[in-house]
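A short worksheet on the structure shown next.
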Amino acid sequence: MTPGRVHIYCGDGKGKTTAALGLALRCAGSGRRVLLLQFFKDGRSSEFTALEHVPGIEVVPQTRSFGFSWTLSEEEKGEARAYYSGLLEEAFRRAGGFDLLVLDEAMSACTTGMIEEGRLLELLEGRPEGLEVVMTGRNPSAALAERADYLTEMKLVKHPFQQGVSAREGIEY
């Protein structure tokens, strides 16, 4: 069996999630199975409307939504940590029946302390042999960057948000 690789799409530019979902579509299109977990997102982005109709792609459902980490009380942060850590464990538990696991915003989940980086690294090392794992987010740690087989950085050069243009449905979400 071909060993699975670890991919990271990072940086301050647009396109990290888009690249991960493009790979998920490619994988599903070749007859493989994809499991997708998004941290900090509630499943209402436009891509989910399309993903619901793609055979071979399954999304780990989000049953709770938390605000931005910097707006949470310590008690709320504890609840969010327990919730997101549980989702991470569930995703790796279920991943044995899949070919690709997408962990969207995993870098942000680590940097905000919502999941433990050490545990993520352990789960990566103990994953099923052929499982590819894609993680997205802004600032991977040195340890995660070192662990990656692919590391792609999206760089912001210009974006309408800089001129005060709000995110647009179907384009940014």
Side-chain angles (χ1 to χ4, degrees), residues 6-21 24 34-52 57-95 100-127 133-148 151-156 159-173:
V6 175
H7 311 239
I8 293 178
Y9 300 132
C10 63
D12 62 1
K14 178 179 171 6
K16 296 175 288 292
T17 298
T18 304
L21 295 181
V34 178
L35 183 62
L36 172 65
L37 169 59
Q38 289 191 302
F39 296 98
F40 309 123
K41 297 179 179 177
D42 60 10
R44 291 185 288 169
S45 292
S46 299
E47 62 264 23
F48 285 96
T49 304
L51 289 176
E52 290 173 352
I57 296 182
E58 188 175 322
V59 178
V60 176
Q62 298 276 332
T63 59
R64 296 198 56 192
S65 181
F66 299 90
F68 293 108
S69 61
W70 59 87
T71 67
L72 302 178
S73 69
E74 287 306 312
E75 182 178 330
E76 292 167 327
K77 285 179 185 176
E79 291 174 23
R81 267 187 222 100
Y83 178 73
Y84 290 125
S85 294
L87 286 178
L88 179 68
E89 296 288 337
E90 176 187 346
F92 275 93
R93 226 181 358 264
R94 292 177 56 194
L100 174 66
L101 173 60
V102 177
L103 300 173
D104 189 35
E105 294 297 344
M107 301 305 108
S108 301
C110 285
T111 58
T112 59
M114 294 297 121
I115 61 173
E116 292 181 28
E117 180 181 296
R119 182 61 182 145
L120 175 57
L121 287 164
E122 288 173 2
L123 290 166
L124 288 171
E125 291 309 311
R127 74 188 187 283
V133 178
V134 178
M135 300 179 289
T136 70
R138 286 188 172 242
N139 300 306
S141 69
L144 284 168
E146 176 68 26
R147 178 57 196 90
L151 180 63
T152 303
E153 182 176 5
M154 275 59 161
K155 180 181 176 196
L156 175 64
H159 194 292
F161 183 78
Q162 296 164 318
Q163 284 76 45
V165 177
S166 295
R168 298 167 297 148
E169 184 177 3
I171 304 298
E172 281 87 21
Y173 68 95

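Keep in mind the model is a prediction, meaning the values are calculated, not measured. Just so you know, these numbers use all the heavy atoms, side chains as well, and skip hydrogens, waters and symmetry mates.
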Worked verdict on Thr17 versus Glu47 for side-chain contact (heavy atoms from CB on, under 4.5 Å): CA-CA 10 Å; Thr17 298; Glu47 62 264 23; 4.1 Å; yes
Heavy-atom check, side chain of Met135 versus side chain of Ile8, under 4.5 Å: yes
Side-chain heavy-atom pair Trp70, Lys77 within 4.5 angstrom cut-off: no
Pairs involving residues 115-125, ordered by first then second residue, that meet side-chain hydrogen bond (donor to acceptor under 3.5 Å, both in side chains) (sequence neighbours left out): Glu89-Arg119, Glu117-Ser141, Arg119-Glu122, Glu125-Arg147
Minimal non-hydrogen separation, Met107 against Gly137, with atom names: CB-CA, 3.5 Å
Nearest-0.5 Å distance, CD of residue Gln62 to CZ of residue Phe40: 10.0 Å
Gln163 CD: over 12 foreign heavy atoms closer than 6.0 Å: yes
Main-chain N/O of Phe66 paired to Glu76 side chain as donor or acceptor, under 3.5 Å: no
Spacing of NZ belonging to Lys155 relative to CG belonging to Asp12, to within rounding of 0.5 Å: 8.5 Å
For the student: nearest non-hydrogen atoms of Ile115 and Ala106, plus distance: CD1-O, 4.1 Å
Minimum-distance pair of heavy atoms, taken over all atoms of Leu87 and Pro61: CD2-O, 4.1 Å
Heavy-atom closest pair, residues Val102 and Ala24: CG2-CB, 4.3 Å
Flag, side chain of Tyr83 to backbone of Thr63, donor-acceptor distance under 3.5 Å: yes
Gly11 backbone acceptor or donor facing Lys16 side chain under 3.5 Å: yes
Cys110 SG to Tyr84 OH distance, which is reported to the nearest 0.5 Å: 13.5 Å
Heavy-atom closest contact (Cys10 atom, Pro140 atom, distance): CB-CD, 3.6 Å
Close side-chain approach of Leu120 to Phe92, heavy-atom, < 4.5 Å: yes
4.5 Å side-chain heavy-atom contact, Thr111 and Arg138: no
Ala143 to Leu121 - nearest heavy-atom pair and separation: CB-CD1, 3.9 Å
Pair Glu90 + Arg93, salt bridge at N-O below 4.0 Å: no
Gap separating the CG atom of Leu123 from the CG atom of Leu101, nearest 0.5 angstrom: 9.5 Å
Student check: side-chain heavy atoms of Leu21 and Ile57 closer than 4.5 Å: no
Thr136 (side chain) donor-acceptor with Glu105 (main chain) under 3.5 angstrom: yes
Validation row: Phe39, Leu88 side chains within 4.5 angstrom (heavy atoms): yes
Close side-chain approach of Leu144 and Leu124, heavy atoms under 4.5 Å: yes
